[in-house]
Amino acid sequence: MSALAIKVDGKETSIEADSKPTHIFAEQKDIVVCKINGVLRDLWTDLKDGDVVEGISISSPEGLAVLRHSTAHVMAQAVQQVFAQTRLGIGPPITDGFYYDFDPERPFNPEDLEKIESAMRKIVKDGQRFKRRVTTETDALKELAHEPYKCELIGLKSGVGDEASVEVGGTELTIYDNLGRDGQPVWSDLCRGPHLPSTKNIPAFKLMRSAAAYWRGSEKNPMLQRIYGTAWPSQDELNAYLELLAEAEKRDHRRLGTELDLFSFPEEIGSGLAVFHPKGGIVRRAMEDYSRIRHEEEGYEFVYSPHLTKAALFQKSGHLDWYSEGMYPPMILDEEHHPDGTIKRAGQQYYMKPMNCPFHNLIFQSRGRSYRELPLRLFEFGTVYRYEKSGVLHGITRARGFTQDDAHIYCTKEQMPAELDSLLTFVLNLLRDYGLEDFYLELSTRNPEKSVGEDADWIEATEALRKAALAQNLELVLDEGGAAFYGPKISVQAKDAIGRTWQMSTIQVDFQLPQRFELEYSATDGSRKRPVMIHRALFGSIERFFGVLTEHYSGAFPPWLAPVQAIGIPVADAFTDYLDGVLKTFKNSGIRVELDSSDDRMQKKIRNAQMQKVPFMIIAGEEDQAAGAVSIRYRNGEQKNGISVDDAIAEITKSIKDRTQV
């Protein structure tokens, strides 16, 4: 038999002509898919002389995506086994899992998911092979005539979105057959692939929930049922993920917001629009006050702008061209009518603002500017409104109305590198002050097909951002082509206490708005030059950052942020007056303190304080009163007795000043 000369994982080798990648990697059980000449392929793919083959591990990002997509196919097969009349939508892999959209005779319930999962386990145990089959559009439409959603995708072909591209969109139209032990197809699905070699290569999975979802994400399309699941390379990794989800649920800011009386979303106001209660207001004010102090120290000037504006401003900025779908509909104001109701004077369109930057440009433009004023750093806690779809709203971390800690820096090209460097240092240090420590940076670069501006400007700005990022000695991840059309950006990715990553601050260079608004300053030689504009949102939004910190701390805020920093608990009613007098001294020292004078027993009061996650409990009994002292009980259950009032105040005020956790 003839041999083929190929390269496998960088090494030249010779194989028999009928060998497949699955034979090459037979001893490497973690290899579940491969790249052939740089293209991701099944392990059953035919090879030819000169091919370059690279094994892909199930634990790699590409391997995980194939695992999860294959598991989605197994789920679809199981659904049609259990509910034969169900029609198929799409089933892409997603972060940490997968989903598949179905059109069933009735909505799924939790008991249905248990039946589907049981059927999936049997399919996995059967070890059905995934076999790729090339077909034509005509044959596919005939074969899948009973699957209207699949036929729609065939008709769309390369015009589908990212999620539907797992089905069609490549150079060939393909169907995957799941082969039984006799080698005959037992189930088929339209798919580009690739897939695992066999269903037995699915080590661990779990179905999570079902939800309603519009077909292909459009409200104009039918409502389908979406089942979400997760799949992992081992049972231990699945268990760890489920434990993480359980911990995340305990920390969910929406639940803690109610339990700790921080904020709510009244139905009378509308989805995605929060109100902050007094305790939440204290936390938010503490966050904002410290931010204001730090911004003043860094030379920022505070500005304010209105919540709405005439449409002309957003036409000038380009937001009505680029962002209108994310804006609330316009209001028609100042319209005048004749007595018969006909229009005497046309009204004007006003929009709720989705961004603050156009307003800051007007402030810069309000008078002549000199190079001596640059860099000019304008800062605003500006409330904006964005019409997010209801399906993506998530408490205060994804809302429709929120307040950005928004800054725009205007500087010369020569000042830009140093400004970006100091700006990133400031951003990271301020996030550290709020208790976040684990960061990496992401640099989003130009997409040549979706950008404007001169190449030289892009190169200069991108390199300045890169140098600023490298100077922080943090991991730098490249997001090639991920920049907005008007300039490159760096985003700060922060990990919380349980290892989840949140996008925090963004720093973005903008070439467009200074041109659109014809911003200029007087240079040293008297000429008029255009400034560089840098956008910077440190928290992203106050609400979102509040939600992230709530989950990071699981509601147990450090004393400087805690709504109630200390609570007084008398051992018995006889000591209430003494403790009340002590707490007045605490208040005079700037400590946020309350007295629990309820009829509850002391132990119940302690439990209540722990449930409310109060950092310090100030306890007083007979010995404390006699000594003019108190006992401090900490949130973790530890206690120190017989502390002088002055020492107790000093300890608490120090923890507040130093922003330490207890």
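Just so it is clear, the values below take in all heavy atoms, side chains as well, and ignore hydrogens, waters and symmetry mates.
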Quick one: side-chain contact (heavy atoms from CB on, under 4.5 Å) partners of Pro306, sequence neighbours excluded?
-> Phe359
Partner residues of Ala418 under the side-chain contact (heavy atoms from CB on, under 4.5 Å) criterion, sequence neighbours left out | none
Give every residue pair that meets the salt bridge (charged side-chain N to carboxylate O under 4.0 Å, His left out) criterion with at least one member in [range], sequence neighbours excluded.
| range | answer |
| --- | --- |
| residues 504-523 | Glu520-Arg528 |
| residues 490-499 | Asp496-Arg500 |
| residues 306-329 | none |
| residues 340-358 | Glu336-Arg345, Lys353-Glu380 |

Taking atom CD of Glu249 as the centre, does the number of heavy atoms from other residues, nucleotides or ligands within less than 6.0 Å exceed 12?
-> no
So is Arg68 actually on top of Phe98's ring, under 6.0 Å and inside 45° of the axis?
-> no
Is it the case that Arg369 places NZ or CZ above or below the six-membered ring of Tyr521, under 6.0 angstrom from the centre and within 45 degrees of the axis?
-> no
Just by distance, with hydrogens left out, do His277 and Ser264 show a side-chain donor and acceptor under 3.5 Å apart?
-> yes
So, Thr403 versus Thr383: side-chain donor-acceptor pair below 3.5 Å or not?
-> yes
[X] side chain near [Y] side chain, heavy-atom distance below 4.5 Å:
| X | Y | value |
| --- | --- | --- |
| Leu441 | Leu424 | yes |
| Asp103 | Pro222 | no |
| Pro266 | Glu268 | yes |
| Leu262 | Phe546 | yes |
| Leu173 | Leu190 | yes |
| Phe102 | Ile227 | yes |

Taking NZ, NE, NH1 and NH2 as the nitrogens, is one of them in [X] or [Y] under 4.0 Å from a carboxylate oxygen of the other?
| X | Y | result |
| --- | --- | --- |
| Glu373 | Arg367 | yes |
| Arg285 | Glu288 | no |
| Glu219 | Lys389 | no |
| Arg377 | Glu298 | no |

Looking at CG of Leu376 and NE2 of His360, how far apart are the two atoms once the value is rounded to the nearest 0.5 Å?
-> 10.5 Å
Does anything in [range] pair up under ring-ring contact (aromatic ring centres under 6.0 Å, His included), and if so which pairs, sequence neighbours excluded?
| range | result |
| --- | --- |
| residues 498-519 | Trp458-Phe511 |
| residues 410-453 | Tyr290-Tyr434, His295-Phe426, Tyr300-Phe426, Phe364-Tyr410, Tyr434-Phe539, Tyr434-Phe545, Tyr434-Trp560 |
| residues 380-405 | His253-His394, His307-Tyr385, Tyr328-Tyr387, Phe379-Phe381 |

Only one of Arg386, Arg284, Arg400 passes salt bridge (charged side-chain N to carboxylate O under 4.0 Å, His left out) with Glu543; say which it is.
-> Arg284
Salt bridge (charged side-chain N to carboxylate O under 4.0 Å, His left out) partners for Lys489, two or more places apart | none
Those residues at least two apart in sequence (or on a different chain) that pass salt bridge (charged side-chain N to carboxylate O under 4.0 Å, His left out) with Arg251 are Glu247
Under 3.5 Å, which donor-acceptor pairs link side chains of residues 471-478 to any protein atom two or more places apart or in another chain?
{"unit_1": "Gln472", "atom_1": "NE2", "unit_2": "Thr425", "atom_2": "OG1", "d": "2.8"}

